[in-house]
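See structure below.
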Number of protein chains: 2
Amino acid sequence: MDAKRATIKDVARAAGVGVATVSRVLSGGSASARTRERVLAVAAQLDYRPSALGRNLRQRRTGGIGLLVPDLTDSFFGRLAEGVLACARSAGEPVVVGSTGDDPEQEAELIGMLLEQSVDRLIAVPSGDADAWGPAVKAGMTVVFADRLPSEAPGEDDDSAATADLMLLDGLAPAPVARSADLPAVLADDRAGIRTAVRYLSGLGHRRIAFLGGPGHDRRVAAFREAVGSPVDEELVVFATGSRDSAYAAASGLFQSRPDLTAVLAAGNVLGEAAVLAARELDLRVPRDVSLVMYDDVPWAELCAPPLTVIAQPARDIGYRAAELVLRSGSRRPRGVVLPTELIVRGSCGPRR
Amino acid sequence: MDAKRATIKDVARAAGVGVATVSRVLSGGSASARTRERVLAVAAQLDYRPSALGRNLRQRRTGGIGLLVPDLTDSFFGRLAEGVLACARSAGEPVVVGSTGDDPEQEAELIGMLLEQSVDRLIAVPSGDADAWGPAVKAGMTVVFADRLPSEAPGEDDDSAATADLMLLDGLAPAPVARSADLPAVLADDRAGIRTAVRYLSGLGHRRIAFLGGPGHDRRVAAFREAVGSPVDEELVVFATGSRDSAYAAASGLFQSRPDLTAVLAAGNVLGEAAVLAARELDLRVPRDVSLVMYDDVPWAELCAPPLTVIAQPARDIGYRAAELVLRSGSRRPRGVVLPTELIVRGSCGPRR
DNA sequence: GGCATCCATGGAAACGATTCCATCATGGTT
DNA sequence: AACCATGATGGAATCGTTTCCATGGATGCC
């Protein structure tokens, strides 16, 4: 039989003090030097570790952080998660991770699960409506969004106003991000990033630039439309559903239906991968036949043939900052953070053929 | 003020029954049809969700699953984690994830944290000694290893015996994996996979094959030695520490110090990436100057120039099966599982120059 | 020297569930 | 008719912690 873990009572008895004193000593309350010393000695000797269960029940909250991402298989979310984990570790907080598959239904289910666990701090890459977050905030959760904001609820009144507002914030300065239920967020500066990419392609002479997006890329496509300026050819804007297969199908369909396009902006690394694959399959040479810019830098972009020109985002930092935000929410709470992106020119873009 | 969540007492009062009855109804105990119906109605109306906190305290365990991986940034562990998450979600269990950075110290710290949370089920890709898992099993945790087994503790008596034993299990049949503290594990069939790769390279005429490994690849390097047969040239076996930089340095150093090698077997996707990069940097052409096989298939392997020949592992399945194992541990417990690997020939290997 | 203050301390009440146990009603059997 | 078995039910204990409150001793100030 393995001895049960020592409880605070055991420590109290062994140290000849009351449980209240032990609790105080261990959580930094006031106690005489003599008692403190003895309690600590006994606790160390018994290898006592306070049970989070008891504590959490008493304080009616779980210290931990919830993290909801669409897909850990996507390198971007992997890096983001790693950032969250790093920050949480340094704070000694556990992180409960859920993968939503970009499905609002699963997301709602996971939110419910976190609620049941009394997890009161949540970092989320949202898939569902703004409405989906009602239950969470109503239950008193501290929510911080990362990478994206929830799309407008279908029935909301000032539909595009908030989004338009958001698009206005620019540059690197941490800017307030007022939005749905007024929740803070940590985002990459999609607007500047996309604009840079579009300008770069325009500068090379490209006029028919396609946009290849996935779920949750509405801010990016909005930025794309804005950067292009003139009303965009809607056939050149296509969306996949999130799976690799769907991304490939979308890319392939795009190339086939519009052989006149000369450049593609892929809004995420999975889409970029699909674009390269589809182009290769159709014997389109990059960059001779078609130029390609991928939003999000990944290690393999350099290994690709040709190496991919990308817009790099600080994925890990996004996670880290989000964790900081959700942990510091007690004191002054910065409203939101926008982190800079960077164009990294490699070999996948050339002048218009 | 947002109303506090309803407790079981609220439900009991509203339904005019005792708390015990409510608890029984909700957890499937016996109750008359009339009462059950009323309790369920009231619970639904109050939007009652039992608090995991209270339950866990009473039963002295957290339902959840702990998951410890070296690095979520590594695509392999991302896929593995996704598998665990998928299984856990279908069981409604939360997953607490920690990233150890392949550092035994951080690993021990995270184990301590999970212990404190009373997480009693753990899936781990171990970094530390067999000894590091003492505290966990002593505390009554159900531990399942994934992808690797902990290395032997330095002071252990029958040093290589267990490992040798393990190397003997072969093929696809789920086989008992008796080892340190007798813990179950879900592994890829590294031995067969490495052997296949080595034979494939041998068949192409290669004689000086290098092995590029990382932390936790001891079973793979052992399989490599065994597959090569004759005593291997120790200069051709190099290890990196886990970071991308270290992997690049190791690969680059290998190519420079032994220009006579004709093939490289990279034991993981990060190492494969580094090998491609280093080869390119040194103007070694793949596969003309050097052939390359990577252990672990990743989406970008196909995009690489040339596309990489790989040994694919069912990363997601490994995670999924591990989660099944750790959840089913109550009933009959299969001792361990070995999953098959597959050689996927693309374009990174050629005949010996 | 007396009184007010302050601090260390321990007992006990939460927190929200599960679960043991006693109670009571019911119905069937002898 | 008495008795027993069965099943539904509610009260109360329990899990391990934090925290409120009362107590008692010591110290400082007038």
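Labels below follow one simple rule: chain letters A, B, ... track the order of the sequence lines, proteins then strands, and each chain is numbered from 1.
You'll find the side chain of A/R321 stays beyond 4.5 Å of the side chain of A/L325, heavy atoms only. Looking only at side-chain heavy atoms (C-beta outward), B/L122 and B/W133 come within less than 4.5 Å of each other.
The shortest distance between the side-chain N/O atoms of A/T35 and the OP1/OP2 oxygens of C/dA8 is not below 4.0 Å. Phosphate contact (OP1/OP2 of D/dT9, side-chain N/O of B/S32, threshold under 4.0 Å): present. Note on A/R58: every side-chain N or O is 4.0 Å or more away from OP1 and OP2 of C/dA14. Under 4.0 angstrom from either OP1 or OP2 of D/dG16 there lies at least one side-chain N or O belonging to B/R60. Taking side-chain N and O atoms only, A/T7 has no distance below 4.0 Å to OP1 or OP2 of D/dC15. Between A/S30 and the phosphate of C/dA8, there is a side-chain N or O to OP1/OP2 separation shorter than 4.0 Å.
Remark: the A/T73 side chain and the B/E82 side chain contain no N/O donor-acceptor pair separated by less than 3.5 Å.
For A/R13 and C/dG10, the CZ to P distance is 14 Å, given to the nearest whole Å. The distance from atom OH of B/Y48 to atom C1' of C/dG16 is 7 Å, rounded to the nearest whole Å.
Within the 4.0 angstrom heavy-atom criterion, base atoms lie near A/L57.
Within residues 15-27 of chain B, the residues approached by DNA chain C to less than 4.0 Å at the level of any non-hydrogen atom are B/A20, B/S23, in residue-number order.
At a threshold of 4.0 Å, the pair B/E93-B/R121 counts as salt-bridged, since one of the basic side-chain nitrogens sits closer than that to a carboxylate oxygen.
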